[in-house]
Amino acid sequence: MIGTANGLAVSITGLGAYVPERVVTNDDLSTMMDTSDEWIVERTGIRERRIAGPEEALSDLALPAARQALEDAGLKGSDIDLLIVATVTPDMAFPATAAIIADELGAHDAGAYDLSAGCTGFMYAVAQAYAMLAGGLAQRALVVGGDVLSKIMDWTDRRTAVLFGDGAGAVVMERVGEGGFLGFELGADGSGGPQLYLPGGGSRTPATVESIADGQHFVQMNGREVFKFATRVLVSSAEAVLAECGRTVDEVDVYVPHQANVRIIDYATHKLGIPDDRVVIDVDRYGNTSSGSIPIALADAKADGRLTAGRLVLMTGMGAGLTWGSGLIEWTDGGTT
Ligand SMILES: CC(C)(COP(=O)(O)OP(=O)(O)OC[C@H]1O[C@@H](n2cnc3c(N)ncnc32)[C@H](O)[C@@H]1OP(=O)(O)O)[C@@H](O)C(=O)NCCC(=O)NCCS
């Protein structure tokens, strides 16, 4: 689906991010599996990632990020009437982590639900929040993107475990006078589902002694196929949303691609023709944090002074599903609340 923002102007008015304290370097990983710092840096650009502790679940990472975003927007939890959490690693299958977070924040009037679209989840959730705000159904939304993928990794599988990290980011979205989101493009190709999936734990393969012993509750991935998909859709989705909004790649001031792998980002950046100094990259420090990746990168960009009013920001996510999604936003200073 693709479309321009033709409702009320809606923007991001608050940003927050949180990653666990524990840093795991590539050298640390090489003591656990047959890998090396050299291989991981050369193939992925990742140097270290944050890993949650045994007691930490998604809501423990999401809450500090959400509180920071609320503070940034000058709002309280009770001001929020829509709360979406994009994740594939909720605290538990149900209730939704969004409901747990809404309760902790005092967002008692909020509609709260989780959304599953792999690493693209944050872009899907932002598009939904945009539509609900522009349509007048919600007044102030909190969108969280976060994952604790370390809990569903096989820590003996070097083909997957080295790529990912834990973290969460959050944005407050409100109506604004002008600027804000210009358009979105979202897509899914379910035929590619088996390229990146978690077979166990759902109704197809419930938890049994056999499915656990068989590794069905760990992430499975065909890295080469996902690489090809990722490089293709990062380019096609960005081009589609820019064309739909009548903008060109030269106008993009800040490019925030999903932080999966520096090689994938470099390929897309060069194919699109975006100068390197306009690209936000933090995958070297956090690995691929799935739904956390784009909001954490946005928070990094804001901390670096790169997100100022009037700047055109292009975000593109891609991941399990297979799914992809882009959003184009003219950055604004705050909401008109
Ligand atoms: C996973 C990925 C880094 C692998 O890089 P690659 O260049 O495609 O490497 P290959 O899979 O061809 O493997 C090359 C060799 O390195 C080995 N290898 C794989 N992982 C390794 C690791 N962590 N350490 C050392 N060697 C490793 C392989 O076994 C293979 O050895 P072989 O040739 O003896 O069989 C790359 O395919 C990728 O980034 N894919 C996208 C993954 C992704 O981003 N997923 C999430 C999307 S949201």
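No experiment lies behind these values; they were computed from the predicted model shown. Order of appearance sets the numbers: ligands from 1, and atoms from 1 within every ligand.
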Can you list the ligand 1 atoms lying under 4.0 Å from a non-hydrogen atom of [X]?
X      : answer
His258 : 48 (S)
Met318 : 48 (S)
Cys119 : 48 (S)
Val226 : 43 (C), 45 (N), 47 (C)
Val162 : 23 (N)
Gly319 : 48 (S)

Practice task
Please name the pair of heavy atoms, one in Met33 and one in Arg158, separated by the smallest distance, quoted to 0.1 Å.
Solution key: SD-CA, 3.5 Å
Exercise for the section: Taking all non-hydrogen atoms of both residues into account, name the closest pair between Lys151 and Gly53 and its distance. Expected result: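 Where Lys151 meets Gly53 most closely, the heavy atoms are NZ-O, 2.9 Å.
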Measure the distance from [atom] to every protein heavy atom, then report the residue, atom name and distance (to 0.1 Å) of the closest one.
atom                    : value
atom 41 (C) of ligand 1 : Gly223 O, 3.5 Å
atom 44 (O) of ligand 1 : Ala260 CB, 3.5 Å
atom 17 (C) of ligand 1 : Arg158 NH2, 3.6 Å
atom 1 (C) of ligand 1  : Leu163 CD1, 4.0 Å
atom 3 (C) of ligand 1  : Thr44 CG2, 3.8 Å
atom 45 (N) of ligand 1 : Met221 SD, 3.3 Å
atom 46 (C) of ligand 1 : Asn288 ND2, 3.6 Å
atom 36 (C) of ligand 1 : Phe227 CD1, 4.0 Å

Practice task
Pick one of side chain, backbone, both or neither for how Thr35 approaches ligand 1, counting any non-hydrogen atom pair under 4.0 Å.
Solution key: both
Problem - Proximity of Trp39 to ligand 1 by residue part, where a heavy atom lies under 4.0 Å - result: side chain
Problem - Partners passing side chain to side chain contact (heavy atoms under 4.5 Å, CB included) against Asp300 (at least two apart in sequence or in another chain) - result: Asp282, Arg285, Tyr286
Problem - Arg49 side, atom CZ; Asn288 side, atom CG - distance, nearest 0.5 Å - result: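 If we round to the nearest 0.5 Å, Arg49:CZ and Asn288:CG are 11.0 Å apart.
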Problem - Approximate separation, where rounding is to 0.5 Å, of Ile101 CD1 and Asp91 CG - result: 7.0 Å
Practice task
Establish whether atom 33 (O) of ligand 1 and some protein heavy atom are separated by less than 4.0 angstrom.
Solution key: no
Practice task
Determine the interplanar angle of the Phe184 and Tyr130 rings, folded into 0 to 90°, and report it as parallel if under 30°, tilted if 30 to 60°, perpendicular if over 60°.
Solution key: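 Because their plane-to-plane angle lies in the 30° to 60° range, the rings of Phe184 and Tyr130 count as tilted.
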Does an N or O from [X], backbone or side chain, lie closer than 3.5 Å to an N or O of ligand 1?
X      : value
Asn261 : yes
Arg224 : yes
Arg43  : yes

Practice task
Would you please determine whether Met33 falls within less than 4.0 Å of ligand 1 on a heavy-atom basis?
Solution key: no
Problem - Non-hydrogen side-chain atoms of Glu56 and Pro20 separated by less than 4.5 Å - result: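 Yes - at least one pair of side-chain heavy atoms lies under 4.5 Å apart.
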Does [X] reach the main-chain N or O of [Y] with its side chain, forming a donor-acceptor pair under 3.5 Å?
X      : Y      : value
Asp81  : Arg140 : yes
Ser293 : Gln259 : yes
Thr44  : Asn261 : no

Handout entry: Passing option when Val256 is tested against Leu298, Ile281, Ile329 for side-chain contact (heavy atoms from CB on, under 4.5 Å)
Key =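 Running side-chain contact (heavy atoms from CB on, under 4.5 Å) over Leu298, Ile281, Ile329 with Val256 returns exactly one hit, Leu298.
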Handout entry: Salt bridge flag under 4.0 Å for residues Glu330 and Arg247
Key = yes
